[in-house]
Amino acid sequence: PLPAGPTPDPWPTEGEVAPDEIVAGAMGAAAGWGSEHRLLGASRVTTGWRVMLTATDELGNRWPLVVLVDAAGSPLH
């Protein structure tokens with residue numbers, strides 16, 4: 001496999017520093033999509049948190065992901 005590419009710049013949004021349990025919940029929800037997850041940013045939404053991540057596929061391409069979690073860090077479906 002090739003090494004992961006560079007992390008893209010985050011989307012221009014007004015973000016917030018998400019609590020650790022929110023980030024952990026989003027990372028857990030994203031575990032099924034690629035590897036080497038990296039946090040880009042987070043913001044509050046009416047249902048909880050919108051967490052922006054990137055993940056690397058098996059070829060080393062880095063892809064953006066958005067995960068919605070509730071206020072406790074549980075994934076929203």
Margin query: E36: which residues meet the salt bridge (Lys or Arg N to Asp or Glu O under 4.0 Å) condition with it, sequence neighbours left out?
Written below: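 For E36 the salt bridge (Lys or Arg N to Asp or Glu O under 4.0 Å) partners, ignoring immediate neighbours, are R38, R62.
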Next item on the list: Hey, could you give me the OG/CE distance between S43 and M52, rounded to the nearest 0.5 Å?
Entry: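 One gets 5.5 Å once the value is rounded to the nearest 0.5 Å.
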Notebook entry, point to check: From T47 OG1 over to D70 CG, what is the distance, rounded to the nearest 0.5 angstrom?
Noted result: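 Answer rounded to 0.5 Å: 8.5 Å.
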Margin query: According to side chain to side chain donor-acceptor pair (under 3.5 Å), who are the partners of W63, at least two apart in sequence or on a separate chain?
Written below: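 Per chain and number, W63 pairs via side chain to side chain donor-acceptor pair (under 3.5 Å) with D57.
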Within the structure provided, determine whether [X] and [Y] are in side-chain contact (heavy-atom separation under 4.5 Å).
X: T54; Y: L40; result: yes
X: V51; Y: I22; result: yes
X: L53; Y: V67; result: yes

Checklist line | Connected via hydrophobic side-chain network under 4.5 Å: L39 and V69 | finding: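 Same cluster: L39 reaches V69 through Ile, Leu, Val, Met, Phe, Trp or Tyr contacts under 4.5 Å.
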Note to self: Going by the rule side-chain contact (heavy atoms from CB on, under 4.5 Å), which residues pair with A55 if we only count those two or more places apart in sequence or in a different chain?
What the structure shows: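 Here the qualifying residues are H37, L65.
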